[in-house]
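See below for the structure under consideration.
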Amino acid sequence: MPMIHVKGVSLEVQRLPIPHGTGRAPIVFLHEGLGSVAMWRDWPASVCAATGRDGIVYSRRGYGASDPVPDVRGTGRLQPDYMHREAWDVLPALLETLGVRAPVLLGHSDGGSIALLHAARHPVTACVVLAPHVIVEDISVESIAQARHAFESGDLRQRLGRYHADVDGAFWQWNDIWLSQPFRGFDIRADCRRISVPVLAIQGEQDPYGTLRQIEDIAPTAGPFETLVVPECGHSPHRDQPGTVTARIADFLRALP
């Protein structure tokens, strides 16, 4: 997998070019809190084929094959503004390095929050978010505490090890900050009010990591806003109901100017 150097860090990046592409804005896929390029599997390629847009998938620092975070539970511990930093510092630098301007952002969970934050300050064509977090709810904290137990005592560490070179670093950087008291004040609703491009927010009815407030409270944005609540679906709509979600995203992007 090619590596791109951004701000002194090597990031794993996968390009998904579409044959005979139309030149429309590419889709940049932003992964979840425990995600990576590999964890998306083949779904980004399916979205690119359905929409006729090139794709770019990357692993944030500490995930996948990207550079690890040194001393992730000590001096390298994430701070409550880690998603803001990714959205306003790292992602703009990556896009500039790749020569991408005003992409479509497609983010899942933490990646959805990062997409919304970036769209609030930087030019994008549209924003698609799957199970994003705009506030911290008790249900989120409870599920993340259960994930810690599964990592320490169950098979979660083994399962995640297929997708991350540094599985412990990937897990603890996410889990520690989400279970910290300072992070309970995370709230990006005011940032969402500044988004002027079309936004599509998708969430599963049975999402164990958040209630429907997570997509409802994105509104009002300064531009068009649409939602899709997916039945029989948990925290990963693109894995639980891929056909429904891909078709809705294709329709949404097809309607863009």
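Every value quoted in this text rests on a predicted model; they were computed, and no experiment measured them.
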Is Leu78 reachable from Val136 through a run of I, L, V, M, F, W or Y residues, each pair having side-chain heavy atoms under 4.5 Å apart?
-> yes
Electrostatic pair Asp251:Arg248 at N-O distance under 4.0 angstrom | no
Do Ser59 and Gln14 come within less than 4.5 Å of each other through their side chains, counting heavy atoms only?
-> no
Full working for side chain to side chain contact (heavy atoms under 4.5 Å, CB included) between Thr244 and Glu232 | CA-CA 11 Å; Thr244 297; Glu232 299 181 18; over 6 Å; no
Side chain Glu152, main chain Ala150, donor-acceptor under 3.5 Å | no
hydrophobic_cluster_shared for Val9 and Leu94, side chain cutoff 4.5 Å | yes
Do Leu117 and Leu91 touch side chain to side chain, with heavy atoms closer than 4.5 Å?
-> no
Look up atom CG in Asp176 and atom CD1 in Ile144, then write down how far apart they are to the nearest 0.5 Å.
-> 11.5 Å
Heavy atoms, side chains only, cut-off 4.5 Å: are Gln214 and Val134 in contact?
-> yes
Distance-only, no hydrogens or angles: does the Gln206 side chain make a donor-acceptor pair with backbone N or O of Cys233 under 3.5 Å?
-> yes
Enter the distance from Ile18:CD1 to Cys48:SG here, rounded to the nearest 0.5 Å.
-> 5.0 Å
Is the side chain of Arg15 donor-acceptor paired with the backbone N or O of Gly55 at a distance under 3.5 Å, no angle test?
-> no
Can you name the nearest heavy-atom pair linking Leu179 to Val141, along with the distance?
-> CD2-O, 3.6 Å
Does Ile195 offer a backbone N or O that forms a donor-acceptor pair with the side chain of Arg121 under 3.5 Å?
-> no
Validation row: Trp40, Val47 side chains within 4.5 angstrom (heavy atoms) | no
Step by step, would you call Ile249 with Leu200 a side chain to side chain contact (heavy atoms under 4.5 Å, CB included)?
-> CA-CA 8 Å; Ile249 292 171; Leu200 171 62; 4.2 Å; yes
Is the backbone N or O of Ala93 less than 3.5 Å from a side-chain atom of Thr97, with the two atoms forming a donor-acceptor pair by type?
-> yes
Between Asp89 and Arg85, is there a side-chain N and carboxylate O pair less than 4.0 Å apart?
-> no
In one Ile/Leu/Val/Met/Phe/Trp/Tyr side-chain cluster, 4.5 Å: Ile135, Ile218 | yes
If you round to the nearest 0.5 Å, how far is CZ of Arg24 from CG of Asp54?
-> 10.0 Å
Could you tell me how the ring of Tyr82 sits relative to the ring of Phe183: parallel (under 30°), tilted (30 to 60°) or perpendicular (over 60°)?
-> tilted
Val124 to Ala119 - nearest heavy-atom pair and separation = CG2-CB, 3.8 Å
With the threshold set at 4.0 Å, does a side-chain nitrogen-carboxylate oxygen contact exist between Arg157 and Asp168?
-> yes
Can you find a heavy atom in the side chain of Val197 that is under 4.5 Å from one in the side chain of Thr125?
-> no
With rounding to the nearest 0.5 Å, note down the distance linking OG1 in Thr211 to CD1 in Ile139.
-> 7.0 Å
What do the steps show when you test Leu34 against Phe151 for side chain to side chain contact (heavy atoms under 4.5 Å, CB included), and what is the final call?
-> CA-CA 12 Å; Leu34 291 175; Phe151 188 82; over 6 Å; no
Of the non-hydrogen atoms in Arg60 and Leu11, which two are nearest, and what is the gap between them?
-> C-CD2, 4.2 Å
Side chains of Glu32 and Ser109: is there a donor and an acceptor less than 3.5 Å apart?
-> no
Exercise: identify the closest heavy-atom pair between Leu256 and Ala126 | CD1-CB, 3.8 Å
Rounded to the nearest 0.5 Å, how far apart are CG of Asp217 and CG of Leu212?
-> 10.5 Å
Heavy atoms only: give me the nearest Ala25-Pro103 pair and the separation to one decimal.
-> CB-CA, 4.2 Å
Got His164 and Phe171 here, is their nearest side-chain heavy-atom distance under 4.5 Å?
-> no
When the ring planes of Trp43 and His238 are compared, do they come out parallel, tilted or perpendicular, using 30° and 60° as the limits?
-> tilted
State, with a plain yes or no, whether a side-chain heavy atom of Pro208 is found less than 4.5 Å away from one of His235.
-> yes
Do you know which of Trp174, Tyr209, Trp178 makes ring pair (Phe, Tyr, Trp, His ring centres under 6.0 Å) with His133?
-> Trp178
Side chain to side chain, Thr227 and Glu216, heavy atoms closer than 4.5 Å = no
Residue Arg73 excluded, over 12 heavy atoms near CZ under 6.0 Å = yes
Check step by step if side chain to side chain contact (heavy atoms under 4.5 Å, CB included) holds for Phe29 and Leu105.
-> CA-CA 6 Å; Phe29 294 82; Leu105 296 183; over 6 Å; no
Is it the case that more than 12 heavy atoms not belonging to Glu96 sit under 6.0 Å from its CD atom?
-> no
Which distance, rounded to the nearest 0.5 Å, do you find between the CG of Asp191 and the CE of Met83?
-> 11.5 Å
Shortest non-hydrogen contact between Ala250 and Thr51, atoms and distance = CA-CG2, 3.8 Å
